[in-house]
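Computed over heavy atoms, backbone and side chain alike; hydrogens, waters and symmetry mates excluded. Just so you know, these numbers come straight off a predicted model, no measurement behind them.
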Amino acid sequence: MTEQQRPSRATEAFFGRRKGKPLRERQARQLNDVLPTLALDLSQPAPERIEGLFAFTPARLRLEIGFGGGEHLMHRALEQPDTGFIGVEPFVNSMAKLVGRIEETGARNIRLYDDDATEVLDWLPAASIDQVDLLYPDPWPKRKHWKRRFVSAVNLDRFARVLKSGGHFCFTSDIDTYVNWTLLHCGAHPEFEWTANNARDWLTPFAGWPGTRYEAKARREGRSSAYLTFRRV
């Protein structure tokens with residue numbers, strides 16, 4: 001995709017701070033030594049067949065945007081060793097945690113990127129991904145920050161470009177306003193259809209769902225979650 005073809009990004013980042021508490025020595029070493037062996041190199045054109053990013057030929061490809069603590073991504077990678085996963089997370093401490101888990105488990109089906117997910121979406125070949133996961137993204141609750149929500153018309157265009165026909169965009173949140181925002185934006189997009197038939201479909205976690213620490217905290221605070229699946233038509 002050329003610079004002229006790339007959709008514009010928001011003037012503000014979709015994510016907040018980049019660093020938390022100082023990394024332990026082992027985590028710093030892993031980021032230094034292990035992350036480069038897993039990281040996407042966006043300075044080079046994407047391979048025509050994105051499966052070439054992996055040392056095996058994946059049966060499916062999934063992209064998780066903002067994987068947080070990495071619980072879901074690691075669970076899925078171990079559960080589905082024949083699927084290739086691309087995880088994007090700009091928060092250094094979260095990346096360090098997942099890289100440590102990858103080294104510990106020896107998982108070979110994960111590739112990573114530690115910056116803006118829109119850069120990955122613009123880099124990927126068209127119709128190359130089977131599923132995009134956006135799980136508990138920052139809701140940016142103040143109206144003046146809504147432009148920073150990742151779900152937007154321009155980013156749905158990006159999803160539609162990289163998803164295969166029949167592929168899925170999966171979204172979950174415990175913030176009602178963001179759930180409604182996502183339903184409205186996807187409902188207005190001609191290339192996505194909501195797969196739900198009844199309330200149980202969006203109140204029931206995705207198949208094999210491991211839960212996350214954020215979700216557990218939301219439930220302790222009395223907030224329930226919605227699990228939305230949209231099909232690329």
Val162 reachable from Val233 in the ILVMFWY side-chain graph, under 4.5 Å edges
no
Indicate, with yes or no, if Val88 and Leu42 share a hydrophobic cluster defined by side-chain heavy-atom contacts under 4.5 Å among Ile, Leu, Val, Met, Phe, Trp and Tyr.
yes
Out of curiosity, [X] [atom1] to [Y] [atom2], how far, rounded to the nearest 0.5 Å?
X: Ser128; Y: Glu51; atom1: OG; atom2: CD; answer: 8.0 Å
X: Glu71; Y: Arg213; atom1: CD; atom2: CZ; answer: 5.0 Å
X: His189; Y: Asp157; atom1: NE2; atom2: CG; answer: 4.0 Å
X: Arg232; Y: Phe192; atom1: CZ; atom2: CZ; answer: 6.5 Å
X: Asp114; Y: Ser94; atom1: CG; atom2: OG; answer: 12.0 Å
X: Phe85; Y: Leu63; atom1: CZ; atom2: CG; answer: 11.0 Å

Is it the case that more than 12 heavy atoms not belonging to Glu104 sit under 6.0 Å from its CD atom?
yes
Distance-minimising heavy-atom pair for [X] and [Y]:
X: Val179; Y: Ser173; result: CG2-O, 3.8 Å
X: Lys147; Y: Lys144; result: CE-O, 3.9 Å
X: Thr172; Y: Ser225; result: OG1-CB, 4.1 Å
X: Lys164; Y: Ala127; result: CG-O, 3.4 Å
X: Phe54; Y: Pro58; result: CD1-CG, 3.7 Å
X: Pro139; Y: Arg149; result: O-NE, 2.6 Å

Do the rings of Trp194 and Trp202 sit parallel, tilted or perpendicular, given the 30° and 60° boundaries?
tilted
Is the Phe159 ring parallel, tilted or perpendicular to the Phe169 ring (thresholds 30°, 60°)?
tilted
Do Phe230 and Phe171 make the cut of ring centroids closer than 6.0 angstrom?
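That pair fails the under 6.0 Å test.
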With a cut-off of 3.5 Å and sequence neighbours excluded, list every side-chain donor-acceptor pair involving residues 72-80.
| residue | atom | partner | partner atom | Å |
| --- | --- | --- | --- | --- |
| His72 | ND1 | Glu64 | OE1 | 2.9 |
| His72 | NE2 | Arg76 | NE | 3.0 |
| His75 | NE2 | Gly208 | O | 3.1 |
| Arg76 | NH1 | Glu79 | OE1 | 3.0 |
| Arg76 | NH1 | Ala207 | O | 3.0 |
| Arg76 | NH1 | Gly208 | O | 3.2 |
| Arg76 | NH2 | Ala207 | O | 2.9 |
| Gln80 | OE1 | Thr83 | OG1 | 3.4 |

Spell out, as yes or no, whether a donor-acceptor pair under 3.5 Å connects the side chain of [X] to the backbone of [Y].
X: Asp130; Y: Arg62; value: no
X: Asp201; Y: Asn198; value: yes
X: Thr195; Y: Thr229; value: yes
X: Asn155; Y: Phe150; value: yes

Can you tell if the side chain of [X] reaches within under 4.5 Å of the side chain of [Y], non-hydrogen atoms only?
X: Trp123; Y: Ile50; answer: yes
X: Thr182; Y: Leu134; answer: no
X: Tyr113; Y: Ile86; answer: no
X: Leu124; Y: Arg158; answer: no
X: Ile175; Y: Trp181; answer: no
X: Leu112; Y: Ile102; answer: yes

Linking Ile, Leu, Val, Met, Phe, Trp and Tyr by side-chain heavy atoms under 4.5 Å, what else ends up with Tyr227?
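Members other than Tyr227 - counting any ILVMFWY side chain reachable under 4.5 Å - are Leu135, Tyr136, Phe206, Trp209, Tyr214.
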Report, one line per pair, each donor and acceptor closer than 3.5 Å where one atom sits in a side chain of residues 28-38; sequence neighbours left out.
| residue | atom | partner | partner atom | Å |
| --- | --- | --- | --- | --- |
| Arg29 | NH2 | Glu103 | OE1 | 3.1 |
| Gln30 | NE2 | Glu103 | OE1 | 2.7 |
| Thr37 | OG1 | Val34 | O | 2.6 |

Basic-acidic side-chain contact under 4.0 Å: Asp138, Arg148
no
